[in-house]
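A quick write-up on the structure given underneath.
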Amino acid sequence: MKNKLLLSIILVISFSVTAQSGLDVKGYYGVSGASANWKENLDGASSVDIENLMEVGVLFSKSISEKFSLTGGLNYSFANVEVSPAYCYPAQTSYSHNPDFKMLSIPVYAEYALGKIFYAAAGPFLDFQLSEGNNFSDQSGVGYLVGLGAKVNTDKFIFSLFPNYKRHNVIPFEKEGNYKQILQELGVQFSVGYQF
């Protein structure tokens with residue numbers, strides 16, 4: 001219920017922002033190679049494989065100077081999770097596992113133009129993990145994104161390619177003790193936008 005309420009509030013705010021002029025609105029699709037590694041090295045701990053991580057989202061950008069713009073939006077990520085549990089001798093214990101990983105993110109970052117085509121971007125995002133029982137640390141919290149991209153502007157449309165690195169769960173919403181797993185992504189986003 002709280003996830004549906006959060007999504008509804010964010011969508012209402014997002015649609016009200018588009019009524020303002022001077023904005024770029026982009027829809028995007030992304031793919032990433034991802035890993036969920038322990039923050040500390042643990043001998044005998046379980047391992048997690050994140051496979052087929054994909055994302056879809058919408059971004060709103062507003063220029064604040066000739067070189068700088070601010071970007072914010074909504075991102076929905078989904079992937080398959082495979083867990084190799086720690087070996088228990090002499091008997092393996094059974095465990096429940098949800099292989100479907102889902103997360104809603106709210107990125108807010110700055111873009112700096114490096115000429116007419118290339119740009120650099122960096123900033124934080126808020127994560128809300130929607131799936132439970134994935135058998136690794138909850139990734140809800142604050143993370144960050146950095147990347148270098150390229151975009152081509154036509155009269156009203158924007159086409160862009162944005163390779164980026166994301167690190168989730170840097171500041172978790174809930175403290176999990178000394179040991180937690182951190183989801184990291186190295187991916188690329190493909191987007192098409194419209195200039196108002």
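Fair warning: this is a prediction, and the values are worked out from it, not measured in the lab. This chain uses plain numbering: 1 for the first residue, then up along the sequence.
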Next on the checklist: Would I182 and V170 count as a side chain to side chain contact (heavy atoms under 4.5 Å, CB included) here? Give the steps.
Outcome noted: CA-CA 7 Å; I182 296 176; V170 176; 5.6 Å; no
Next on the checklist: Please determine whether side chain to side chain contact (heavy atoms under 4.5 Å, CB included) holds for the pair L130 and Y76, giving the CA-CA distance in whole Å, both sets of side-chain angles, and the decisive distance to 0.1 Å.
Outcome noted: CA-CA 10 Å; L130 304 177; Y76 178 73; 3.9 Å; yes
Next on the checklist: Please determine whether side chain to side chain contact (heavy atoms under 4.5 Å, CB included) holds for the pair N153 and Q195, giving the CA-CA distance in whole Å, both sets of side-chain angles, and the decisive distance to 0.1 Å.
Outcome noted: CA-CA 9 Å; N153 294 347; Q195 300 174 348; 3.5 Å; yes
Checklist entry - What do the steps show when you test N80 against D100 for side chain to side chain contact (heavy atoms under 4.5 Å, CB included), and what is the final call? => result CA-CA 5 Å; N80 295 323; D100 298 319; 4.0 Å; yes
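With rounding to the nearest 0.5 angstrom, the CD atom of Q139 is 11.0 Å from the OG atom of S77. One finds the CD1 atom of I64 at 7.5 Å from the OG atom of S69 (value rounded to the nearest 0.5 Å). The NZ atom of K166 lies 13.0 Å from the CD atom of Q184; values are rounded to the nearest 0.5 Å. Here the straight-line distance linking atom OG1 of T154 with atom CZ of F159 works out to 5.5 Å at 0.5 Å rounding. Between the CD1 atom in I171 and the CG atom in D127 there is a gap of 11.5 Å [rounded to 0.5 Å]. Here S32 contributes atom OG and N164 contributes atom CG; the two are 6.0 Å apart, rounded to the nearest 0.5 Å.
One hydrophobic cluster, built from ILVMFWY side chains closer than 4.5 Å, cannot hold both Y144 and Y112; they sit in different ones. Both L114 and I117 are members of a single hydrophobic cluster when ILVMFWY side chains are connected at heavy-atom separations under 4.5 Å. Side-chain heavy atoms closer than 4.5 Å link hydrophobic residues (I, L, V, M, F, W, Y) into clusters, and following such links, possibly through other members, connects V192 to V56. Criterion: ILVMFWY side-chain heavy atoms under 4.5 Å apart, direct or through other members. Under it, V108 and M103 are not part of a common hydrophobic cluster. Hydrophobic clustering (ILVMFWY, side-chain heavy atoms < 4.5 Å, transitive): F196 and L70 are in distinct clusters.
Between G115 and K67 the shortest heavy-atom distance is N-NZ, 4.2 Å. Scanning all heavy atoms of the two residues, the minimum distance from E111 to T71 falls at OE2-OG1, 3.2 Å. Of all heavy-atom pairs between L53 and A34, the closest is CD1-CB, 3.9 Å. Annotation for L148 and P163: closest pair O-CD, 2.9 Å, computed over non-hydrogen atoms. K102 approaches S131 most closely through the heavy-atom pair N-OG, 3.1 Å. The nearest pair of heavy atoms linking A79 to I50 is CB-CG2, 3.8 Å.
Looking at heavy atoms from C-beta onward, L126 lies in side-chain contact with V142 at the 4.5 angstrom threshold. Looking only at side-chain heavy atoms (C-beta outward), V188 and L161 come within less than 4.5 Å of each other.
Clustering of Ile, Leu, Val, Met, Phe, Trp and Tyr by side-chain heavy atoms under 4.5 Å joins V152 with none of the others. Taking Ile, Leu, Val, Met, Phe, Trp and Tyr as hydrophobic and joining them when side-chain heavy atoms fall under 4.5 Å apart, one finds Y109 in a cluster with Y28, L59, Y119, F125, L145, F162.
In terms of modelled atom types and a separation under 3.5 Å, the side chain of S140 and the main chain of Q129 share a donor-acceptor contact. No donor-acceptor distance shorter than 3.5 angstrom exists from the side chain of E185 to the backbone of V31, with no hydrogens or angles considered. Judged by distance alone, with hydrogens and angles left aside, the side-chain atoms of N169 form no donor-acceptor pair with the main-chain N or O of G141 at under 3.5 Å.
Using cut-offs of 30° and 60° for the angle between ring planes, the F190 and Y29 rings count as parallel.
Side-chain contact annotation: E55 with N75, donor-acceptor N/O pair under 3.5 Å present.
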